[in-house]
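Side chains are part of it too, since the values below use all heavy atoms of this structure and drop only hydrogens, waters and symmetry mates. Sequence lines set the chain letters: A, B, ... in the order given, protein chains first and strands last, and positions in each chain run from 1.
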Protein chains: 2
Amino acid sequence: MNKNISDIARMAGVAKSTVSRYLNGGSVSAKTKQKLERITREAGYVPNTFAQSLKAKRNNLIGTIVPRLDSFAAAQTMTGIDEELREAGGRMLVYNAGQDRTRELEAMTDLARQKVSGIILMPAQVTEEHLRTAEAAGIPVLLIGQSNPALHSLVYDDYRAGLLMGRHVLDMGHRRIAYLGVTEEDEAVGLRRKEGFRAAAQECEDCEIFYYESSFKIEDARLAAERILDECLPSLIVCATDNIALGVMKTAHMRGLSVPSELSITGFGGYEVTGIIHPALTTVRFPYYEAGRLAARSMLRLTAGEEVKRLTVIDVELLPQESVDNLNTASV
Amino acid sequence: MNKNISDIARMAGVAKSTVSRYLNGGSVSAKTKQKLERITREAGYVPNTFAQSLKAKRNNLIGTIVPRLDSFAAAQTMTGIDEELREAGGRMLVYNAGQDRTRELEAMTDLARQKVSGIILMPAQVTEEHLRTAEAAGIPVLLIGQSNPALHSLVYDDYRAGLLMGRHVLDMGHRRIAYLGVTEEDEAVGLRRKEGFRAAAQECEDCEIFYYESSFKIEDARLAAERILDECLPSLIVCATDNIALGVMKTAHMRGLSVPSELSITGFGGYEVTGIIHPALTTVRFPYYEAGRLAARSMLRLTAGEEVKRLTVIDVELLPQESVDNLNTASV
DNA sequence: CATTCTTTTGGAACCGGTTCCTATTTTTAA
DNA sequence: TTAAAAATAGGAACCGGTTCCAAAAGAATG
């Protein structure tokens with residue numbers, strides 16, 4: 001049923017090289033061009049991509065490895081990558097690493113086997129093994145969210161995010177604050193975000209900060225919040241991600257604490273849900289979608305052998321909403 | 001740098017057919033097997049998947065077309081598909097249709113070109129053109145969420161979902177109810193869900209139901225809720241999706257209406273966020289993840305030429321939470 | 001009209017595997 | 001020890017394209 005290039009050549013009474021040239025815009029006379037136009041259309045001819053890729057030794061696929069499919073950040077980033085690639089005729093092959101480092105490495109190897117043109121990776125941390133695997137893959141690898149001098153990276157300005165948030169909550173009059181972070185192994189979220197916040201705190205003499213740690217899971221955050229409220233009763237909890245903030249908010253509701261009048265809460269990320277819940281969550285917006293587009297654009301340039309800046313820092317934006325009480329006016 | 005099968009054959013002093021046989025478990029003597037084991041390992045040899053697919057005329061890719069990447073349902077379904085395929089050595093190629101029917105059709109054609117083994121589609125509606133395109137693709141196409149006699153389909157029991165929800169809210173004593181649905185062009189969400197609900201309403205004589213329509217967007221739902229509250233002031237709004245319910249909840253908060261004591265709200269879907277927000281949203285859980293797994297399993301059987309039931313109905317489950325007031329006890 | 005330069009075309013080789021068929025070697029049975 | 005059977009290996013064709021090179025055809029020039 002499906003015709004191949006030889007069939008078409010035979011039907012048109014020409015050599016298959018002529019058909020190939022016709023399809024790829026080579027020099028073909030107007031007459032044969034017309035004939036081939038008609039015949040390929042009538043036969044519904046579609047070139048076999050395997051055969052094309054076999055000869056070309058490359059395809060238009062970009063592998064994207066995400067830590068999980070059901071996260072706002074991953075979804076937005078993927079959407080951005082997908083749209084940018086599509087406009088350039090490329091395609092996105094998604095791999096879900098399920099937040100498992102081994103699967104992340106396997107995914108890279110596997111994508112290299114499939115001979116994708118490049119890999120966009122959203123890792124939680126970059127290990128020596130990541131570098132070795134990327135090296136072995138022999139194709140461009142671009143990181144989003146984490147950076148490494150050995151690879152091309154696209155990072156958010158996590159330090160500034162922490163700084164902005166810190167200054168904002170201090171401005172609002174909060175002095176007794178809990179910071180609920182994540183493991184420092186995650187350099188971006190765990191370390192730099194916290195350091196930015198700490199820097200803001202150090203600009204203010206009379207504030208007390210309590211540092212806590214949780215996982216990225218909402219349920220773990222909920223439990224951590226229980227501990228925080230039992231131990232130090234802050235006026236505000238700064239959470240390292242919006243999801244963590246949701247967990248903390250849940251705890252507040254369960255304890256009957258009113259947000260923000262009895263407990264203020266902030267997040268990081270700018271997830272859609274932060275604007276929908278009540279009270280809307282004060283957070284720092286990370287432009288995931290734009291980062292995805294930018295990543296795809298950079299990757300296309302890399303696969304074309306063009307130069308790309310090794311490290312790009314993406315700006316973030318404070319998004320003050322309702323979940324932070326203004327203690328200045330309250331005391332007036 | 002990268003070796004091909006001929007290189008390996010030369011290095012081992014055998015014919016490439018022998019190498020191929022070694023790789024694919026054909027009859028090879030213990031001695032050559034050992035030798036090839038060593039050589040392929042040392043050379044880091046990896047077969048070229050294009051060449052394999054070219055000969056085999058098929059690959060292990062399953063195309064998945066989702067309406068959008070950033071929806072809970074899509075994310076869960078993709079995760080299910082991905083995990084099931086991975087266990088069977090298959091891979092998922094994701095296409096984002098961006099809620100655009102034209103792009104959905106293009107995606108099918110495009111996937112067929114890439115010679116994926118099968119397509120899993122999550123359409124908002126199935127048109128004649130979908131059928132034609134699927135037919136032309138010449139590979140198995142499986143629908144999730146919508147059904148069509150011409151294709152293999154996996155649907156949720158939307159009618160029962162509506163029925164369960166209807167009975168539940170009536171049980172809770174609500175009699176003046178608004179149903180905020182979506183277009184009936186969406187047979188599953190727009191039509192059957194509503195019909196189930198209507199059937200439940202008809203089991204009760206003294207209830208008044210007001211039907212409204214919105215899009216799937218939270219913001220549109222928010223606006224629709226404004227209209228509903230202005231026009232008929234029900235004790236409860238049944239929303240056709242959890243996202244719509246979130247929009248309605250937003251309006252309630254903005255108007256200072258307490259949920260559920262002044263306005264009860266329900267959704268459909270069982271999105272993660274429904275359990276996190278306060279009050280937690282009463283909804284019907286749709287097992288998206290399991291559906292994804294099931295879809296992948298069915299697709300693998302289809303590509304293997306095995307028989308698969310044409311229509312599978314997936315059961316749903318009522319998830320009563322806090323957003324529905326019990327008017328029975330209230331009046332006691 | 002002959003000659004030269006361009007444009008168009010066909011043929012063959014190639015990309016990197018798999019598979020079929022035949023030849024050779026090894027094993028088993030007689 | 002030899003014949004028959006079984007296991008192993010090699011060679012060639014094939015999958016469906018692209019590309020290089022040489023031949024043929026057409027256009028331009030003197």
Using a strict heavy-atom distance below 4.0 Å, which residues from residues 16-23 of chain A are in contact with DNA chain D?
A:Lys16, A:Ser17, A:Ser20
Nearest heavy-atom contact between A:Leu131 and A:Ala150 is CD2-CB, 4.1 Å
Counting the atoms with a prime plus P, OP1 and OP2 as sugar-phosphate, which does B:Thr49 contact under 4.0 Å by heavy atoms, base, sugar-phosphate, or nothing?
nothing
A:Lys115 atom NZ is separated from C:dC15 atom P, nearest whole Å, by 14 Å
Do B:Lys3 and B:Glu42 sit within salt-bridge range, that is, some charged N less than 4.0 Å from a carboxylate O?
no
With respect to the side chain of B:Val14, which nucleotide from D:dG10, C:dG17, D:dC15 is positioned closest?
D:dG10
A:Ile39 side chain reached by A:Tyr45 side chain, heavy atoms, under 4.5 Å:
no
What about B:Tyr156 and B:Phe286, are their ring centers closer than 6.0 Å?
yes
Between B:Asn96 and B:Arg68, the two heavy atoms sitting closest are OD1-CA, 3.3 Å
Is the phosphate of D:dG16 approached by A:Gln52 (side-chain N or O, under 4.0 Å from OP1 or OP2)?
no
Under-3.5 Å N/O pairs linking protein and nucleotides 22-26 of chain C:
none

DNA chain D nearest-nucleotide lookup for B:Val28 and A:Ala51: closer to the 5′ end is B:Val28
Roughly how many Å is it from CG in B:Leu36 to P in C:dG17, rounded to a whole number?
13 Å
Should A:Lys33 and A:Glu37 be marked as a salt bridge (charged side-chain N to carboxylate O under 4.0 Å, His left out) after you check the CA-CA gap, both sets of side-chain angles, and the distance that decides it?
CA-CA 6 Å; A:Lys33 199 174 291 185; A:Glu37 195 282 321; over 6 Å; no
Rounding to an integer number of Å, can you tell me how far B:Arg10 CZ sits from C:dG16 P?
11 Å
Roughly, in whole Å, what's the span from CZ in B:Arg113 to P in D:dG17?
10 Å
Could you give the angle between the helix axes at the two ends of the helix from C:dC1-D:dG30 to C:dA30-D:dT1, with five pairs per end, rounded to 10 degrees?
40°
d(CG, B:Leu54; C1', C:dT19) in whole Å
13 Å
Checking A:Arg103 against A:Tyr95: charged group under 6.0 Å from the ring centre and within 45 degrees of the axis?
no
Applying the side chain to side chain contact (heavy atoms under 4.5 Å, CB included) test to A:Val116, which of A:Thr64, A:Ile62, A:Thr303, A:Leu61 qualifies?
A:Leu61
Mind calculating the distance between CG (B:Asn24) and P (C:dC20) to the nearest angstrom?
12 Å
I'd like to check B:Leu121 versus B:Glu104 (side-chain heavy atoms, cut-off strictly below 4.5 Å). Are they in contact?
yes
Flag the pair A:Leu143 / A:Leu154 as yes when at least one side-chain heavy-atom distance between them is below 4.5 Å, and no otherwise.
no
Residues B:Arg113, B:Asp110: salt bridge by 4.0 Å N-O rule:
no
Candidate nucleotides C:dG17, D:dT18, D:dT8, ranked by approach to the side chain of A:Lys55 - the nearest
D:dT18
A:Ser53 near the nucleic acid: base, sugar-phosphate alone, or nothing, with a heavy-atom cut-off under 4.0 Å?
nothing
Integer-rounded Å distance: D:dT18 C1' and A:Ile8 CD1:
16 Å
Any A:Asn4 side-chain N or O less than 4.0 Å from OP1/OP2 of D:dG16
yes
Salt-bridge contact A:Arg91-A:Asp82 (side-chain N to carboxylate O under 4.0 Å)
no
Can you find a side chain N or O atom of A:Thr32 that sits less than 4.0 Å from OP1 or OP2 on C:dT9?
yes
Quick one: is B:Asn48 getting a side-chain N or O under 4.0 Å of the C:dC15 phosphate, OP1 or OP2?
no
Rounding to a whole Å, what distance do you find between B:Ile5:CD1 and D:dC15:P?
18 Å
